[in-house]
Participant: 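Below is the structure I would like to discuss, written out as structure tokens.
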Amino acid sequence: MKKVLKITKIAGNAMAVFSIIALLVMLFITLFDILLRQFFNAPITGSIEIARMMMVCMSPAFIAALVEKRHVSVGVFVDMLGRKGQLAFDTFGYLAAATMCGLMSYQGFVDMFRRIDQQAVYSMLRIPTWPFYLLFAVSMGLFAIAIVIYLIDIYLDKERYVKPPKGAKPA
């Protein structure tokens, strides 16, 4: 399991780098579009479409957030439960999330094939839309797999839900 977690972490970090590059491209395109529009009355053609494409390219960052444990968790109620209650709560939540990601992945593939059949392109740049649907579908599928791996790791980690000693401050 340690090797699987390590591979997932490496893949998640690589996807995070890809997402950061997409964010920077989106940032600079938007910034230069505003500057060129305000000072030279010459906006960048298709800048909104480029920003839309880069938003899709940022979807793999979800995996990195999960494997690096940078996701949001609030344990006000759950921390009061015992190990079995916390496991049940996490199992329901993570399985629901994995199911939703799996459904989004499936729908992304369906939409991708439809876009290929329709030969759909972005209106200004004339770039095909299907590669971005493919990227989204693959990243959501990988995210679903990463959630299941994370859930299995929770079950294997026997010290994960040990209550802190009385008087200890929560982390």
Side-chain angles (χ1 to χ4, degrees), residues 1-30 50-116 129-171:
M1 187 66 186
K2 296 279 187 202
K3 286 185 180 184
V4 172
L5 288 172
K6 187 175 182 177
I7 291 169
T8 307
K9 192 172 188 175
I10 290 169
N13 288 336
M15 291 178 191
V17 169
F18 177 73
S19 298
I20 290 168
I21 292 169
L23 178 65
L24 291 173
V25 168
M26 186 173 67
L27 174 90
F28 287 120
I29 288 290
T30 305
I50 294 170
R52 189 181 304 160
M53 291 178 228
M54 293 304 107
M55 283 185 198
V56 173
C57 292
M58 290 176 4
S59 62
F62 297 135
I63 299 168
L66 177 70
V67 298
E68 291 290 329
K69 296 179 177 66
R70 288 187 244 149
H71 57 286
V72 176
S73 66
V74 180
V76 175
F77 170 72
V78 178
D79 286 346
M80 292 186 290
L81 303 173
R83 175 173 166 75
K84 289 181 182 178
Q86 290 176 358
L87 278 172
F89 196 84
D90 278 353
T91 300
F92 174 76
Y94 285 120
L95 287 179
T99 302
M100 290 303 296
C101 289
L103 289 172
M104 287 191 294
S105 176
Y106 170 76
Q107 190 60 46
F109 282 113
V110 168
D111 288 342
M112 179 199 69
F113 289 123
R114 187 167 24 113
R115 298 288 175 149
I116 290 172
T129 58
W130 70 265
F132 299 97
Y133 282 84
L134 174 63
L135 175 66
F136 180 76
V138 168
S139 66
M140 285 297 110
L142 291 174
F143 190 36
I145 293 168
I147 290 170
V148 171
I149 290 170
Y150 188 73
L151 182 60
I152 292 169
D153 183 51
I154 287 173
Y155 271 90
L156 295 177
D157 186 5
K158 300 295 183 192
E159 297 179 14
R160 180 171 176 90
Y161 296 117
V162 176
K163 285 191 177 183
K166 291 195 179 213
K169 294 184 180 183

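Any value given below was found using the heavy atoms of this structure, including those in side chains, with hydrogens, waters and symmetry copies removed.
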Participant: Do Val148 and Ile152 have side chains that approach each other closer than 4.5 Å (heavy atoms only, starting at C-beta)?
Facilitator: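 Contact flag for Val148/Ile152 side chains = yes.
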Participant: Can you give me the closest heavy-atom contact between Ala51 and Thr30, atom names plus distance?
Facilitator: CB-OG1, 4.5 Å
Participant: If I take atom OG1 from residue Thr91 and atom CG from residue Leu151, how far apart are they, to the nearest 0.5 angstrom?
Facilitator: 5.0 Å
Participant: Could you state the interatomic distance from CE (Met100) to CD1 (Ile147), rounded to the nearest 0.5 Å?
Facilitator: 11.0 Å
Participant: Indicate the atoms forming the closest heavy-atom contact of Ile63 with Gly12, along with that distance.
Facilitator: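 It is CG2-CA, 4.0 Å.
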Participant: Got a second to check how far Met104's CE is from Phe136's CZ, nearest 0.5 Å?
Facilitator: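 One gets 5.0 Å once the value is rounded to the nearest 0.5 Å.
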Participant: Measure the spacing between CZ of Arg114 and CH2 of Trp130 and express it to the nearest 0.5 Å.
Facilitator: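 The CZ atom of Arg114 sits 16.0 Å away from the CH2 atom of Trp130.
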Participant: Please check this pair: side chain of Thr8 against backbone of Val4, looking for a donor-acceptor N/O pair closer than 3.5 Å.
Facilitator: yes
Participant: So, applying ring-ring contact (aromatic ring centres under 6.0 Å, His included) with Tyr150, which one of Tyr155, Tyr94, Phe143 is it?
Facilitator: Tyr94
Participant: Please report the interatomic distance CG(Leu156) to CG(Leu5), rounded to the nearest 0.5 Å.
Facilitator: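 Taking CG in Leu156 and CG in Leu5, the distance rounds to 8.5 Å.
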Participant: Do Val110 and Gln107 have side chains that get closer than 4.5 Å, going by heavy atoms?
Facilitator: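 A side-chain contact exists here, since the closest heavy-atom pair is under 4.5 Å.
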Participant: For residues Ser59 and Ser139, report the shortest heavy-atom separation together with the two atoms involved.
Facilitator: OG-OG, 3.0 Å
Participant: Does CZ in Phe132 sit with more than 12 non-hydrogen atoms of other residues, nucleotides or ligands closer than 6.0 Å?
Facilitator: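 It does: Phe132 CZ has more than 12 such atoms within range.
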Participant: Answer whether the closest heavy-atom distance between the side chains of Leu142 and Met15 falls below 4.5 Å.
Facilitator: yes
Participant: Between Ser105 and Met140 (side chain of the first, backbone of the second, donor and acceptor by atom type, cut-off under 3.5 Å), is there such a pair?
Facilitator: no
Participant: Grab the two heavy atoms, one from Ser19 and one from Met58, that are nearest each other, plus how far apart they are.
Facilitator: OG-O, 3.4 Å
Participant: Of all the heavy-atom pairs spanning Cys57 and Leu135, show the shortest one and how long it is.
Facilitator: CA-CD2, 3.4 Å
Participant: Using the rule given for side-chain contact (heavy atoms from CB on, under 4.5 Å), can you reason through Asn13 versus Val17, listing the C-alpha separation, both sets of side-chain angles and the distance that settles it, and then say yes or no?
Facilitator: CA-CA 6 Å; Asn13 288 336; Val17 169; 5.8 Å; no
Participant: Mind checking the CD1-CD1 spacing from Ile149 to Ile154? Nearest 0.5 Å is all I need.
Facilitator: 12.5 Å
Participant: Do Phe109 and Val138 come within less than 4.5 Å of each other through their side chains, counting heavy atoms only?
Facilitator: yes
